[in-house]
Amino acid sequence: MSRAAPGATSRRPAAVLLAALAAGCAAGAGPGLMTFEEYRGIEHPAPYVVRLAHRGGGELLFFGSRHSFEPSHPQFERLVGLWEEFRPTLAFWEGGGPLEVGDDRDEVIRRAGEPGLVRYLAARDGVRAESPEPADGDVTALLLERFSAEQVKLFYVLRQVSQYVGYEGRELPVTLEEQVLSDLGAFAGHPGLAGPPTNLQEIGALAREHLPDLADWREVPLSYFAPGLEDGRQFTNDVALAASAFRDEHLMARIVEAVSAGERLFAVFGASHAVMQERALRHTLGR
């Protein structure tokens, strides 16, 4: 099979990529993703950096970050230093969002955290950059197979709230309530999620129904969305587990595709993603 030149990363549908990766694991090609049961027993630093060279010529630098919106956090200087040393041809950032970020590095970090910094560096240096996240509709369809539409939409909304109030240095340009109303409009566009919650009152009522231990939905903690949480587990943890596993499989397939095509790929996702994918990536990419 001929190897594509750098810049020729294919855009095959996610289902095709995931099927090919799963077939390789089923055929005994090597270890799969780390499970959350395994991950719970591991202590690791954040940031967590994985660097691999592919036998075909591509290379990966996976920067597993600590989520932060504080420009003075030391991880950002480390990220920039590794970026400049590695000289990527392609960058992946976490979470989607627009590519345009502005030209003030600190302001970019305050608004968009590490994903914003990756987009800033890529724009500065003329490096192709994209978010390898699965399509919103694909994730939602997967979740609706196991959870009600109310639960899935409430999960999406409250996960955003937890990040607004829980990540260090995070600032909103509007009030929390105004931001949540905007988010509700966006999530209503997902197939199957046009129904409740559609306003703040419905968020409160559904939170009381599905999360009776939560005193105020405006103060929902990040722990409610930790996939591997055992103590105090909520339905949101179960939704997060299903979504995170799908995202990791999709991301790993995209990484393997890009690096196998000869790219020098600089990927920045949360540290847990790097840890959980490392052994499978080492086996698949070769060195």
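Residue indices begin at 1 and follow the sequence shown.
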In chain order, what residues pass the side-chain hydrogen bond (donor to acceptor under 3.5 Å, both in side chains) check against E38, with sequence neighbours excluded?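 side-chain hydrogen bond (donor to acceptor under 3.5 Å, both in side chains) list for E38, sorted by chain: T35, R279.
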N-O pairing of [X] and [Y] below 4.0 Å:
X    : Y    : answer
E171 : R111 : no
R119 : E130 : no
E114 : R78  : no
E94  : R247 : yes

Ring of F62, cation from R51 - is the NZ or CZ under 6.0 Å from the centre and inside 45° of the axis?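 No, R51 does not sit over the ring of F62.
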Does NZ or CZ of R110 come closer than 6.0 Å to the centre of the six-membered ring of F69, within 45° of the ring's axis?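 The answer is no, since R110 fails at least one limit relative to F69.
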Heavy-atom pair with the smallest gap, counting every atom of [X] and [Y]:
X    : Y    : result
L90  : V127 : N-CG1, 3.8 Å
V161 : W217 : CG1-O, 3.6 Å
N237 : A226 : ND2-O, 2.9 Å
R66  : A46  : CB-CB, 4.1 Å
T284 : R55  : O-NH2, 3.4 Å

Can you confirm if the aromatic rings of H273 and Y48 lie within a centre distance of less than 6.0 Å?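 Ring-ring flag for Y48/H273: false, centres at least 6.0 Å apart.
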How long is the span from the CZ atom in R282 to the CG atom in L52, to the nearest 0.5 Å?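 If I round to the nearest 0.5 Å, the distance is 4.5 Å.
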Distance (rounded to the nearest 0.5 Å) between F225 CZ and Y156 OH: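 OH of Y156 is found 12.5 Å from CZ of F225.
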Under the criterion ring-ring contact (aromatic ring centres under 6.0 Å, His included), which of F266, Y120, F76 is the partner of W83?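 By the ring-ring contact (aromatic ring centres under 6.0 Å, His included) criterion, W83 pairs with just one of F266, Y120, F76: F266.
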